Amino acid sequence: MNSEDQLSFAELGLAAPVLKAIEETGYETPSPIQAASIPHLLEGRDLLGVAQTGTGKTAAFSLPLLSRLDLKSRHTQLLILAPTRELAIQVAEACQTYARNLADFHVLPIYGGQAYDTQLRQLKRGAQVVVGTPGRVMDHMRRGSLKLNNLQALVLDEADEMLRMGFIDDVEWVLEHTPEDRQIALFSATMPAQIKKVAQNHLNNPAEIRIKAKTATATTITQSYLRVSGNQKLDALTRILEMQSFDAMLIFVRTKSATVELSEKLAARGYASEALNGDISQNLRERTVDKLKRGQIDILVATDVVARGLDVERISHVLNYDIPYDTESYIHRIGRTGRAGREGEAILFVSPREQRMLKSIERATRQQIDQMQLPSTNDINEKRVKRFVDRITETIESQDIEFYKNLLTEYQQENDTDPLVVASALAHLLQGKTPLLMKEQPRQPRRDREERGDRGDRGNRRQPRGMSTQAKPLKDNPDVKMQRYKLNVGHEHGVAPKNIVGAIANEADLDANLIGSIEIYDDCSTVDLPTGMPKAVVQQLRKAVVCGQRLNIQDMSSEGKGAPSGGRSRRSGGNNSNSRNRPPRRNRKDSKDSKKSSDS
Ligand code: AMP
C-alpha cells in the first residue's frame, strides 16, 4: 500500500513554495505524466508529451516551469498557448493555484472575445506568465503590447486541437517570433503529421513522453459509466448508493482532502464510510481496511496510492468518482472488485470534458463501457417504498412483537381508533422528520467551465452569449434560422474556412456547430451565423483579426443574401450540413478543411 516504487513530489526537485502549494492543494503523488515530465522541464530540456486532458498535464508543465521563474522581474518568461478561451482561463487558474506561495507572481490570460483595452492595461503592468489563444497572442505581439524578449519557456497545450481549429499557422508564427533559446514543451493528445513537423522544426532534442496504456481487466467485472459534471457528482453518488445493492464499495477520488470531505458527507447521510489517504498513518490505514473486511464500515473513500494492492473480497463495487489519470490506474482501480472469482461492478463518473479519457479506457480495456442512467426520483421513491414495506414484513416474520401487539390492542380499545390509523402513526414515528419520499428536484442548467470547455458535447459549448444554452447543434437542429454576414478577408489574404471557423468560435464564444455555410471570394468571404446574435458579439467579431485582416463583419440581410459583387468564389459547406443556400460549385479542399474545423 505504499508508494515505494514512485517518486514523491518532494523528490522531483520543485521549488519549495510550489511544493507547499501542491501539499495545500491535496495532491498526494505525481501522476505518471508529471513524474515523467517534471525532471526534464526543470532541467530546461524541450519536451514532447503525448497526453490528454485529465492526465494532470497542466501541473506536469506548470509546476516545473513556475519553479524556474525569476519573480524579481515582471517580464513575461513563460507563454502558454491553448486552443480555447476556456482552456486558457483554466490553465491560468491552475498556475495561480500552484504559484499561490510565490511572492509577486502574476499570470495573465489573454484570449479572443475579451476587450483589448483591459488586456492592454494588464499587459502593461506585466505578468511573468501569459496564457493565451494563438490569434490574440499573435495580435498583441504584433502590436508590441506583448513583449517576449525575455521569454524562457513556451508551452503548446493541446496542439492537435489548435491544429484542428485552424491556428497552426498562428502557432508557427509565434514560435518564429520568440527568442531562439527558449525552452518548448509541446503537449498533444494525438500526433498528426503537422504537429510532428512543428515538433521536428522547433523542438531541440526533446524528451519524449507517452503515457502507455495497459490492457486486461477481469471479465467478472461489469463496467458502466455515468455522464455527470462536477457539481452533480454527490447527488449522483447518493442516488446510486440508494439504488444499488452493494456489499462494500470503494470510491476513488483524486485528492487527500476529497477522501475526507466525501466520506464525511456520506457519513452524514447515514452511510458507514471512512477515508483512506496517504496522510493517515500506516497503522490506522490497516485498521480501517480491517473494519471494511469485517463489515464495520461499508464504504471506503480512497486515493489511488493507498488503495494499491487492496484485497478485500467484500468489495462488490468500485466507483470512480474522479476519473483516473490514465488507463493503467483505471484497470488497477477496478481490479479491487471481482476478487476471488466474485462478481464485481465498476462505475465511472465522466464529466463532459473527460470523454476522451473514457474512449482511451475503452480502447485499453478492449471493452465497451455501457452508459448508465442516473436513477430518477421515481426509481428512488419506488425503491424506498419497497424497502420500507420489506422492513415491516421482515419484522413481522422475524421479531417477537407480542409485547407491542398487546400494548397496541389496549391502545386501540381505549381510544377506539382504527388499527390502520395506529399503524400509520407508528410509521410516521419511525420515519421521523425525514420524509420517506424524495421530492423531484428541478435540475439547474449550470454553465460551469467544465461543461463549457467540453469537447465531446459540442451542443452545449460556445453558444453566443445571451443565447439559450440548450440550443442544439445545427446538424440536429434544422430550425435554427441563419443570417448571412460578410467578412473582410478573402483568397488574396490566404484565408481558408478553418481560419474563419476558428476565429469565430473563439471570438464569439460560438459553438463551431453553429457556424453555417462559408463562401470565400477574392477579397472577402461570407458566413452564415444564427440570427439574433447579441450586438456585443457582432461588435467583437468586427474587431477580430484573421490572416492579418480585421474581419469587419457586416450583416448582409439588409442587402439581400446574395454573393458579394465581383471576384471568384470558392465555396464551402461550412459546418452546417443543413445549411441553406448550398452553393452550386463546391471546392473540395475547402469543404474538407471546414469539416475538420467542425470536428475540432
Ligand atoms: P489536467 O489533465 O491538467 O486537466 O488535470 C486534471 C485534473 O487532475 C485537475 O483537476 C487537477 O487538479 C487534477 N490533478 C492534477 N495532478 C494531480 C495530482 N498529482 N494529484 C491529484 N490531482 C491532480
Side-chain angles (χ1 to χ4, degrees), residues 3 6-12 14 18-38 41 49-66 80 82-84 86-100 131 155-159 161 185 187-189 209 211 229-231 233 252-262 277-279 301-308 320-330 333 349-358 360-361 448-456:
S3 55
Q6 199 173 358
L7 284 180
S8 67
F9 275 116
E11 287 164 313
L12 288 173
L14 296 164
V18 174
L19 202 56
K20 185 160 172 258
I22 300 166
E23 180 61 29
E24 287 161 358
T25 312
Y27 295 173
E28 203 162 28
T29 38
S31 71
I33 186 96
Q34 292 163 3
S37 311
I38 292 174
L41 291 176
V50 183
Q52 59 200 24
T53 299
T55 51
K57 68 175 162 52
T58 314
F61 62 75
S62 48
L63 297 174
L65 298 176
L66 292 172
I80 302 166
T84 62
E86 288 90 354
L87 190 63
I89 295 172
Q90 195 177 313
V91 170
E93 282 173 357
C95 287
Q96 189 65 59
T97 305
Y98 303 139
R100 67 212 280 182
V131 191
V155 177
L156 308 182
D157 196 7
E158 303 200 356
E161 277 292 300
F187 286 90
S188 196
I209 287 160
I211 301 300
S229 51
N231 59 324
K233 281 187 185 177
F252 282 99
V253 292
R254 283 199 162 170
T255 62
K256 290 183 265 188
S257 47
T259 61
V260 177
E261 256 168 52
L262 187 58
N277 66 49
D279 273 355
V301 187
T303 51
D304 286 292
V305 188
V306 289
R308 201 159 289 160
N320 295 277
Y321 194 82
D322 294 329
I323 200 164
Y325 309 114
D326 50 35
T327 51
E328 228 166 288
S329 307
Y330 176 80
R333 283 178 176 191
F349 282 2
V350 182
S351 76
R353 258 188 81 83
E354 293 161 347
Q355 286 297 312
R356 274 203 197 166
M357 183 49 111
L358 171 65
S360 304
I361 290 173
D448 59 13
R449 220 182 26 258
E450 192 168 41
E451 280 165 318
R452 280 160 44 97
D454 167 24
R455 302 211 164 91

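Every number for a ligand or one of its atoms is a count from 1 in the order of the listing. Since the structure is predicted, the reported quantities are computational estimates derived from the model, not experimental observations.
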With side chains defined as the heavy atoms from C-beta onward, is the minimum distance between Pro324 and Phe252 less than 4.5 Å?
-> no
Residues Glu354 and Lys233 bridged, charged N to O under 4.0 Å = no
For Thr58, the ligand 1 atoms whose distance to one of its heavy atoms is below 4.0 Å = 1 (P), 3 (O), 4 (O)
Nitrogen or oxygen of Tyr27 less than 3.5 angstrom from that of ligand 1 = yes
For Ala307 and Ala302, work out which heavy atoms get closest and say how close.
-> CB-CB, 4.3 Å
Do you know which two heavy atoms are closest between Arg254 and Asp322, and how far apart they sit?
-> N-OD2, 2.9 Å
Taking all non-hydrogen atoms of both residues, which atom of Ser229 and which atom of Pro352 are closest, and how far apart?
-> CB-CD, 4.1 Å
Short N or O distance, Tyr98 and ligand 1, threshold 3.5 Å exclusive | no
Of Arg254, Lys57, Gln90, the one whose closest heavy atom lies nearest atom 6 (C) of ligand 1 is Arg254
Would you check if Thr259 and Val306 make a side-chain contact, meaning some heavy-atom pair closer than 4.5 Å?
-> no
Consider every N or O of Phe9 and every N or O of ligand 1, then say whether any pair is closer than 3.5 Å.
-> no
Heavy-atom distance to atom 16 (N) of ligand 1: which of Lys256, Glu158, Gln34, Met357 wins?
-> Gln34
Give a yes/no on ligand 1: does Thr29 have at least one heavy atom closer than 4.0 angstrom to it?
-> yes
